[in-house]
Amino acid sequence: MAMPKTVEYSPYLFSEVAEFGVTKTVTNPYSGVNESSFVKSFSLHVYPQKRTLDMQYRSLGTNYVNAITLVVRHNNRLNDQLRVKYKGEEYKILNISSDDSANYMTYDFLTLQNVKELGGNG
């Protein structure tokens with residue numbers, strides 16, 4: 001029995017890097033104020049998936065209206081508790097569409113929402 005065909009992406013598409021980690025509260029030594037700080041755990045090469053016009057229309061009026069989608073090679077370390085730093089902005093993972101099949105090349109689709117748009121702490 002043949003394995004089902006999956007979508008394949010060329011390696012050159014994964015030219016950008018995103019950092020994955022957690023947000024921790026640290027005390028600023030100069031002001032004594034508690035501040036949120038991104039702490040990197042690991043980084044992955046990503047491919048920013050473009051939205052089709054249909055996808056844009058379907059997202060209107062939902063939490064996904066300003067969300068972005070990043071494609072990464074399947075990785076078991078990914079979970080929805082992680083934060084993502086991409087292009088200088090911090091994102092919360094809204095959804096992970098993970099492909100953990102036995103195929104050789106599998107990909108995870110991460111739907112991300114900018115933390116600033118979620119009110120800072122999302």
Side-chain angles (χ1 to χ4, degrees):
M1 183 171 172
M3 295 297 286
K5 179 86 170 133
T6 59
V7 176
E8 291 185 20
Y9 294 97
S10 297
Y12 75 88
L13 294 172
F14 295 85
S15 61
E16 298 181 22
V17 176
E19 297 176 343
F20 296 81
V22 294
T23 302
K24 292 189 177 181
T25 303
V26 294
T27 303
N28 184 319
Y30 302 106
S31 65
V33 175
N34 288 336
E35 299 173 340
S36 294
S37 177
F38 178 82
V39 179
K40 175 184 164 184
S41 299
F42 60 94
S43 59
L44 297 173
H45 283 87
V46 300
Y47 166 58
Q49 179 73 46
K50 304 270 189 271
R51 280 187 174 190
T52 64
L53 195 55
D54 183 55
M55 291 168 72
Q56 290 176 348
Y57 288 144
R58 288 175 185 251
S59 69
L60 292 175
T62 69
N63 290 340
Y64 299 97
V65 69
N66 292 324
I68 64 170
T69 302
L70 297 180
V71 182
V72 298
R73 293 231 7 228
H74 177 67
N75 192 308
N76 289 327
R77 296 182 290 179
L78 295 173
N79 65 64
D80 59 3
Q81 300 304 308
L82 292 172
R83 295 292 177 109
V84 180
K85 198 163 199 179
Y86 176 66
K87 292 190 174 182
E89 297 285 332
E90 189 174 330
Y91 294 88
K92 175 182 168 63
I93 298 176
L94 295 178
N95 186 34
I96 300 175
S97 179
S98 184
D99 183 357
D100 56 0
S101 66
N103 291 328
Y104 172 67
M105 294 289 274
T106 57
Y107 303 95
D108 298 337
F109 292 78
L110 309 176
T111 305
L112 310 176
Q113 182 73 44
N114 194 310
V115 172
K116 290 179 187 172
E117 294 174 11
L118 292 170
N121 57 6

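- Side-chain contact check for Met105 versus Glu8: every heavy-atom pair is 4.5 Å or farther apart.
- Among all heavy-atom pairs drawn from Ile96 and Ile93, the shortest one is CG1-CG2, 3.5 Å.
- Closest approach of Gln113 to Leu94, counting heavy atoms only: CB-CD1, 3.6 Å.
- Here CG of Asn28 is found 10.5 Å from OG of Ser37. Values are rounded to the nearest 0.5 Å.
- Each of Asn114, Leu110, Ile68 was compared with Tyr86 under the side chain to side chain contact (heavy atoms under 4.5 Å, CB included) criterion, and only Ile68 meets it.
- In this structure, Leu70 and Tyr91 have side chains that are not in contact, with every pair of non-hydrogen atoms separated by 4.5 Å or more.
- Residues Asn95 and Phe109 are not in side-chain contact: their nearest non-hydrogen atoms beyond the backbone lie 4.5 Å or more apart.
- In this structure, Arg77 forms no cation-pi arrangement with Phe20, as its terminal cationic atom is not both closer than 6.0 Å to the ring centre and no more than 45° off the ring axis.
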_Between Leu44 and Phe14, does the side chain to side chain contact (heavy atoms under 4.5 Å, CB included) criterion hold? Intermediate values first, please._
CA-CA 9 Å; Leu44 297 173; Phe14 295 85; over 6 Å; no
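- In the hydrophobic clustering of this structure, Tyr12 does not group with Val72; members are Ile, Leu, Val, Met, Phe, Trp, Tyr whose side-chain heavy atoms approach within less than 4.5 Å, directly or through other members.
- Between Leu78 and Phe42 the shortest side-chain heavy-atom distance falls below 4.5 Å.
- In this structure, Leu82 is a member of the same hydrophobic cluster as Val46, with clusters built from ILVMFWY side-chain heavy atoms closer than 4.5 Å.
- Residues Val84 and Val22 are members of one and the same hydrophobic cluster, defined by side-chain heavy-atom contacts under 4.5 angstrom among Ile, Leu, Val, Met, Phe, Trp and Tyr.
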*Does the pair Tyr107 and Arg73 meet the rule for a side chain to side chain contact (heavy atoms under 4.5 Å, CB included), with working shown?*
CA-CA 4 Å; Tyr107 303 95; Arg73 293 231 7 228; 4.3 Å; yes
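- Lys92 and Arg83 get closest at one heavy-atom pair: CA-CD, 4.0 Å.
- Remark: Leu112 CG to Thr69 OG1 distance equals 7.5 Å, nearest 0.5 Å.
- Among Asp108, Thr106, Asn103, the one residue that satisfies the side chain to side chain donor-acceptor pair (under 3.5 Å) test with His74 is Asp108.
- Between Glu19 and Ser43, the closest side-chain pair of non-hydrogen atoms falls below 4.5 Å.
- Listed for the Ser36 side chain is no donor-acceptor partner under 3.5 Å among the backbone atoms of Thr23.
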